[in-house]
Amino acid sequence: MEYSEKVMDHFMNPRNVGEIADASGVGQVGNAKCGDIMKVYLKIENGIVQDAKFKTFGCGAAVATSSMATELVKGKSVQDALTVTNKAVMEALDGLPPAKVHCSCLAEEALHAALWDYAEKNHIVIDGLKPPVEDVDERHHAE
Ligand code: FES
């Protein structure tokens, strides 16, 4: 299995690992296939994602994709944050081996779940944001 240099870099030196104590939104999702869990914390001010952090029990690909996803989402409006999908993250990492695509779904789903949490707490609607799933398999069957 071949990993791109960017995947290796984000795996060896993951960005944004940790928690945000006073997070505006927190999202957690699991992957029953591998038993891994991902948690994402967002700090949002004036509708802009100021900070993002993650914690995972996931594999190297989960670490690399969450590292990239949290980097990509910083500075975006809560609406634009939806563009940080697993596909966008994989592109930014120059691809992932097919067997590891499901790992990248953890990052997307946990991120979107954190946005959902924020939206609920603040009584706002983020257009196109779907309710969170507990397991990535509920939304990404084929991957
Ligand atoms: Fe579980 Fe990658 S194998 S997240």
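Both ligands and their constituent atoms are indexed starting at 1 by order of listing.
Few gaps surround NZ on Lys121; more than 12 heavy atoms of other groups in view lie less than 6.0 Å from it.
To the nearest 0.5 Å, the span separating CD1 on Ile48 from OG on Ser77 amounts to 5.5 Å.
In this structure the side chain of Phe57 never reaches within 4.5 angstrom of the side chain of Met38, judged on heavy atoms. With a 4.5 Å cut-off on side-chain heavy atoms, Cys105 and Glu108 do not count as touching. The shortest side-chain heavy-atom distance between Asp127 and Gln79 falls under the 4.5 Å cut-off. Val29 places none of its side-chain heavy atoms less than 4.5 Å from the side chain of Ile37.
If you look at Leu106 next to ligand 1, the close heavy atoms, those under 4.0 Å, all belong to the side chain. Contacts between Lys100 and ligand 1, counted as non-hydrogen atom pairs separated by less than 4.0 Å, involve the side chain only.
In this structure, atom 4 (S) of ligand 1 lies nearest to the protein heavy atom Asp36 OD2, 3.2 Å.
Put simply, Cys103 gets within reach of atom 2 (Fe) of ligand 1, with an N, O or S atom under 2.8 Å from it. Cys34 lies close to atom 1 (Fe) of ligand 1, since one of its N, O or S atoms is found at a distance under 2.8 Å. Within the 2.8 Å limit, Cys59 places at least one N, O or S atom next to atom 2 (Fe) of ligand 1.
Distances below 4.0 Å separate heavy atoms of Ala62 from the following atoms of ligand 1: 4 (S).
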